[in-house]
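Following: one structure in structure tokens, then a few remarks.
By convention in this document, chain letters (A, B, ...) are assigned in the order of the sequence lines, proteins followed by strands, and residues within each chain are numbered from 1.
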2 protein chains.
Amino acid sequence: MTWRDPIEPFEKREPPRFDRPSVTVDVVILTLREGHLQALLVKRKEHPFLNYWSLPGGFVQINESLEEAALRVLRQKAGLEGRVGGAGREGLGQHPVYLEQLYTFGRPGRDPRGRVISVAYYALVEASHLQEIPEERMLFRLRLVEEEGRAEIFDGKHKRYSLAFDHGEILAVAIQRVRGKLGYTAIGFELLPERFTLRELQRVYETILQKKLNKDSFRRKMLASGLLQATGELEKGTGFRPAELYRFRREA
Amino acid sequence: MTWRDPIEPFEKREPPRFDRPSVTVDVVILTLREGHLQALLVKRKEHPFLNYWSLPGGFVQINESLEEAALRVLRQKAGLEGRVGGAGREGLGQHPVYLEQLYTFGRPGRDPRGRVISVAYYALVEASHLQEIPEERMLFRLRLVEEEGRAEIFDGKHKRYSLAFDHGEILAVAIQRVRGKLGYTAIGFELLPERFTLRELQRVYETILQKKLNKDSFRRKMLASGLLQATGELEKGTGFRPAELYRFRREA
DNA sequence: GCAATAGTGTCTATGAGACAGTATAGC
DNA sequence: GCTATACTGTCTCATAGACACTATTGC
């Protein structure tokens, strides 16, 4: 193999003075509700994609990091405080929401107004933190259309809605990322309250992976993982034998 | 939980006219040589970080996608043609180099000249494709300093060199990504020539993971995976019993 | 008591690791 | 013949799945 092109002069590494792309962050806010994986979306009030649903997002300010921008979007658009993890440097904090960078989308033409590069994040939120959802925001059920690399959104009555920009692709990558990470990280706990039963934890896994899991081996694996701390307490008002409540051991 | 901040007005989603960050791509070009994972780096010829070693990179042009920019960097700075994979939509092509988006780095201050957001990619290259390396480019051995989330670079004589910008962190994320993906994807084949022995394949895994693997179970797992196609040919000039050569079945 | 789930114990199938034994190249 | 590795076969151990059995709640 030979060097096909002349080597680019180093001078070209100087930033261009014009024609810079805009940079945004978009945040996929995921939760589990009604037995489904759901995402919080915002109804657009202007062109393009007027009245389409879109990911909460915003432009990256010149002095803020990408993570700070994503946390700001979480705070301003969903009233949530975030905690940063992911990318091999899982950070811990006291905040209730798990946040991790997802992927960066930059196809020219993805925003008809001009060149916009979007650094996508995804957040995992316990459903109880999304009680009060204001006007023009809504939680949608998600359906991954694997062959096409995009997701579709539905309301509680199975009515499908339209997504703005390439946000269907971004949602698809988010779903696939969460599914993948479920296998080798403790990401599932982020969608549950502080105390939970093994049945509830298994439901989380089954909902996200969209398949039944073996109850016995799920119990064994979870209890053997050392990630769970028994509380000694039992759930209440079940109509059947109450299960023990466990806590997630963040240290492990 | 309540909505702590007023909802950001939608007007704020308009792109800012000034103070836009610059966007670059940096490419971690990885190969295996001399039994080590190595990266191709470029010696800087100007301030800041004069004479430090840096990842090959360049500014994203206003009409090109991020992938196109990364492919251009590969072509112009390493004479390589790329093939795009990754992020749940593994695309295949006829090109010899595997390329996948890694992570986006945007901390303010990471480039003292101004706000620069870098979308990092990584490429896996068979060593024979990196024979002629021109002046001011060099392959370095890598050492991951796990606790600090960065990698260090060494030449063949174990002399350590300095990395520019946050490129040590980017290298660290790349190493960790490759290690991770080795477990659940067929990424290891990208670092080998078209035909290879099981021993050579195992060496790839051991070099990247930095640990000895069990030979018997490695053979069994690989042969059972359906990813290998026996060629019937044997390697030559070994000094010991020659092993069969296999090919990677891209379709599977 | 009945329904529904929690939790325990055990059997089996599968895959990984360990190791023995045979095969084949260069020297 | 010697050395180094390829390749085959077998045993053991750990884990996952399956299933049987008992326990505990609300009704």
Legend entry - Ion pair B:Glu34/B:Arg141, N-O distance below 4.0 Å: yes
Inset, instruction - Answer yes or no: is there an ion pair linking B:Glu100 with B:Arg177, defined by an N-O contact shorter than 4.0 Å? - result: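 Result for this pair is yes, salt bridge flagged.
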Legend entry - Side chain to side chain, A:Leu30 and A:Leu142, heavy atoms closer than 4.5 Å: yes
Inset, instruction - Could you state the atom-to-atom distance from CZ of B:Arg219 to C1' of C:dG17 in whole Å? - result: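 Roughly 15 Å, once rounded to whole Å.
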Inset, instruction - Enumerate the residues from residues 199-213 of chain B whose closest heavy atom to DNA chain D is under 4.0 Å, giving them by residue number; use none for an empty result. - result: B:Arg199
Legend entry - DNA chain D contacts among residues 222-244 of chain A, heavy-atom distance under 4.0 Å: A:Gly239, A:Phe240, A:Arg241, A:Pro242
Inset, instruction - State which residues pass side chain to side chain donor-acceptor pair (under 3.5 Å) with B:Glu147; sequence neighbours excluded, sorted by chain then number. - result: none
Inset, instruction - For the pair B:Phe189 and B:Phe196, name the ring-plane relationship: parallel under 30°, tilted 30 to 60°, perpendicular over 60°. - result: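 B:Phe189 and B:Phe196: tilted rings.
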Legend entry - Plane angle bin for B:Trp53 and B:Phe140 - parallel if under 30°, tilted between 30 and 60°, otherwise perpendicular: perpendicular
Please produce a list of atom pairs where a protein N or O lies less than 3.5 Å from an N or O of nucleotides 17-20 of chain D.
| residue | atom | partner | partner atom | Å |
| --- | --- | --- | --- | --- |
| D:dG17 | OP2 | A:Ser217 | OG | 2.3 |
| D:dG17 | N7 | A:Arg220 | NH2 | 2.6 |
| D:dG17 | O6 | A:Arg220 | NH1 | 3.3 |
| D:dA18 | OP2 | A:Asn214 | ND2 | 3.1 |
| D:dC19 | N4 | A:Asp216 | OD1 | 3.0 |
| D:dC19 | N4 | A:Asp216 | OD2 | 2.8 |

Please tabulate, for side-chain N and O atoms in residues 148-159 of chain A, each donor-acceptor pair with protein atoms closer than 3.5 Å (sequence neighbours left out).
| residue | atom | partner | partner atom | Å |
| --- | --- | --- | --- | --- |
| A:Glu148 | OE1 | A:Arg150 | NE | 2.8 |
| A:Glu148 | OE1 | A:Arg150 | NH2 | 2.7 |
| A:Arg150 | NH1 | A:Glu152 | OE2 | 3.4 |
| A:Arg150 | NH2 | A:Glu152 | OE2 | 3.4 |
| A:Glu152 | OE1 | A:Arg143 | NH2 | 3.0 |
| A:Asp155 | OD1 | A:Lys157 | N | 2.8 |
| A:Asp155 | OD1 | A:His158 | N | 3.2 |
| A:Asp155 | OD1 | A:Lys159 | N | 2.9 |
| A:Asp155 | OD2 | A:Tyr161 | OH | 3.0 |

Inset, instruction - Please round to the nearest 0.5 Å and tell me the distance separating atom NZ of B:Lys77 and atom CZ of B:Arg137. - result: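 One finds 6.5 Å between NZ of B:Lys77 and CZ of B:Arg137.
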Legend entry - Separation of B:Leu139 CG from B:Ile29 CD1 (nearest 0.5 Å):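 Answer rounded to 0.5 Å: 9.0 Å.
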Tell me which donor-acceptor pairs under 3.5 Å the side chains of residues 225-248 of chain B have, and how far apart each pair is, sequence neighbours excluded?
| residue | atom | partner | partner atom | Å |
| --- | --- | --- | --- | --- |
| B:Ser225 | OG | B:Met222 | O | 2.7 |
| B:Ser225 | OG | B:Leu227 | N | 3.1 |
| B:Thr231 | OG1 | B:Glu233 | N | 3.1 |
| B:Thr231 | OG1 | B:Leu245 | O | 2.6 |
| B:Glu233 | OE1 | B:Arg195 | NH1 | 2.2 |
| B:Glu233 | OE2 | B:Arg195 | NH1 | 2.8 |
| B:Glu235 | OE1 | B:Arg199 | NH2 | 2.8 |
| B:Glu235 | OE2 | B:Arg199 | NH2 | 2.5 |
| B:Glu235 | OE2 | B:Ala243 | N | 3.0 |
| B:Thr238 | OG1 | B:Phe240 | N | 3.2 |
| B:Thr238 | OG1 | B:Phe240 | O | 2.4 |
| B:Glu244 | OE2 | B:Gly232 | N | 2.9 |
| B:Arg247 | NH1 | B:Glu194 | OE2 | 2.4 |

